[in-house]
Amino acid sequence: MKGLGELERTVMEILWAREDAGVEAATARDVSRALAGDRDLAHTTVMTVLDRLAKKGFLERERDGRAWRYQPVASREGYVTELMLGALNETGDRDAALAHFVRSVSRDEIDVIRQALAGLTGKEPPA
């Protein structure tokens, strides 16, 4: 999965936040309103970004009268996972990259990793 440009990322963050809040899919007008406080963008620019994100496979859309309603195909966490896996694929030694990554995370993040591994293996994580 390819990375997102700055404006694409901002639009996706708006849509992910709406999804996290349990809000229905958004129209271009909804996204334009959400961006209004931070950016002075033409509504047509927002429509173009949403269309491009749909064509790239980041969003799905459905007709709602004359407008389209957009929602993310994957969660924010799913997107970040794809980025991380893509980065691992760029290295010649995935094991070394993973080991280096694990050595660079905080204690709290180590606990999260342990819990996730325990969930996969069905074993209690060591204390």
Side-chain angles (χ1 to χ4, degrees):
M1 183 179 287
K2 293 184 179 187
L4 297 169
E6 180 200 350
L7 183 53
E8 291 174 330
R9 174 73 184 198
T10 301
V11 167
M12 289 301 299
E13 286 295 340
I14 288 167
L15 295 171
W16 282 322
R18 288 175 62 92
E19 193 172 69
D20 291 346
V23 179
E24 294 288 322
T27 63
R29 182 128 350 256
D30 295 330
V31 175
S32 289
R33 285 185 189 126
L35 287 168
D38 298 332
R39 295 175 179 251
D40 185 25
L41 294 173
H43 181 66
T44 54
T45 300
V46 174
M47 289 171 45
T48 299
V49 171
L50 289 165
D51 183 61
R52 189 171 48 218
L53 286 167
K55 288 178 179 171
K56 287 182 175 182
F58 287 98
L59 299 176
E60 58 187 17
R61 65 184 179 182
E62 66 179 51
R63 270 282 183 207
D64 184 7
R66 291 180 44 192
W68 288 103
R69 289 203 166 270
Y70 296 88
Q71 63 186 35
V73 169
S75 67
R76 180 186 294 109
E77 295 78 12
Y79 169 69
V80 172
T81 299
E82 290 294 324
L83 288 177
M84 293 170 72
L85 290 171
L88 276 175
N89 288 335
E90 294 296 316
T91 181
D93 188 346
R94 285 176 67 111
D95 292 347
L98 281 169
H100 186 75
F101 174 77
V102 170
R103 285 192 298 273
S104 68
V105 299
S106 71
R107 283 262 182 229
D108 289 341
E109 291 165 333
I110 288 171
D111 291 341
V112 170
I113 292 169
R114 280 191 179 126
Q115 291 289 350
L117 290 172
L120 289 174
T121 62
K123 297 179 183 176
E124 281 295 313

Heavy-atom donor-acceptor pair, [X] side chain to [Y] backbone, under 3.5 Å:
{"X": "D64", "Y": "A67", "result": "no"}
{"X": "W16", "Y": "E77", "result": "no"}
{"X": "S106", "Y": "E109", "result": "yes"}
{"X": "T45", "Y": "L41", "result": "no"}
{"X": "T91", "Y": "L88", "result": "no"}

[X]-[Y] co-clustered via ILVMFWY side chain contacts under 4.5 Å:
{"X": "M84", "Y": "I113", "answer": "yes"}
{"X": "V80", "Y": "V105", "answer": "yes"}
{"X": "L98", "Y": "L117", "answer": "no"}
{"X": "V11", "Y": "V73", "answer": "no"}
{"X": "V31", "Y": "L4", "answer": "yes"}

(message) Rounded to the nearest 0.5 Å, what separates atom OG1 in T27 from atom CE in M47?
(response)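 T27 atom OG1 to M47 atom CE measures 10.5 Å (nearest 0.5 Å).
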(request) First locate atom CG of L35, then atom CD1 of I14, and finally report the distance between them rounded to the nearest 0.5 Å. (result)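 So the CG of L35 and the CD1 of I14 are separated by 3.5 Å.
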Taking all non-hydrogen atoms of both residues into account, name the closest pair between [X] and [Y] and its distance.
{"X": "A26", "Y": "L15", "result": "CB-CD2, 3.5 Å"}
{"X": "P72", "Y": "E19", "result": "CD-OE2, 3.8 Å"}
{"X": "S32", "Y": "H43", "result": "OG-ND1, 2.9 Å"}

(request) With sequence neighbours excluded, give me every side chain to side chain donor-acceptor pair (under 3.5 Å) pair touching residues 5-15. (result)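 Only E6-R39, E8-R52, E8-K56, R9-E13, E13-R76 qualify under side chain to side chain donor-acceptor pair (under 3.5 Å).
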(message) Pairing donors with acceptors under 3.5 angstrom, does anything connect the side chains of T48 and D51?
(response)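 No.
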(message) Any donor-acceptor pair under 3.5 Å linking the side-chain atoms of E60 with those of Q71?
(response)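 Yes, because at least one side-chain N or O of Q71 sits under 3.5 Å from a partner of the opposite role on E60.
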(request) Sort out for me which residue in R18, R61, E62 forms a side-chain contact (heavy atoms from CB on, under 4.5 Å) with Y70. (result)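 That would be R61.
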(request) For the pair M12 and Y79, evaluate side-chain contact (heavy atoms from CB on, under 4.5 Å) and give the outcome as yes or no after the intermediate values. (result) CA-CA 10 Å; M12 289 301 299; Y79 169 69; over 6 Å; no
(message) For a 4.5 angstrom cut-off between non-hydrogen side-chain atoms, does W68 reach R63?
(response)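 Contact flag for W68/R63 side chains = yes.
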(request) For H100, look at atom NE2 and say whether over 12 heavy atoms of other residues, nucleotides or ligands are found less than 6.0 Å away. (result)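 Open: at most 12 neighbouring heavy atoms sit under 6.0 Å from NE2 of H100.
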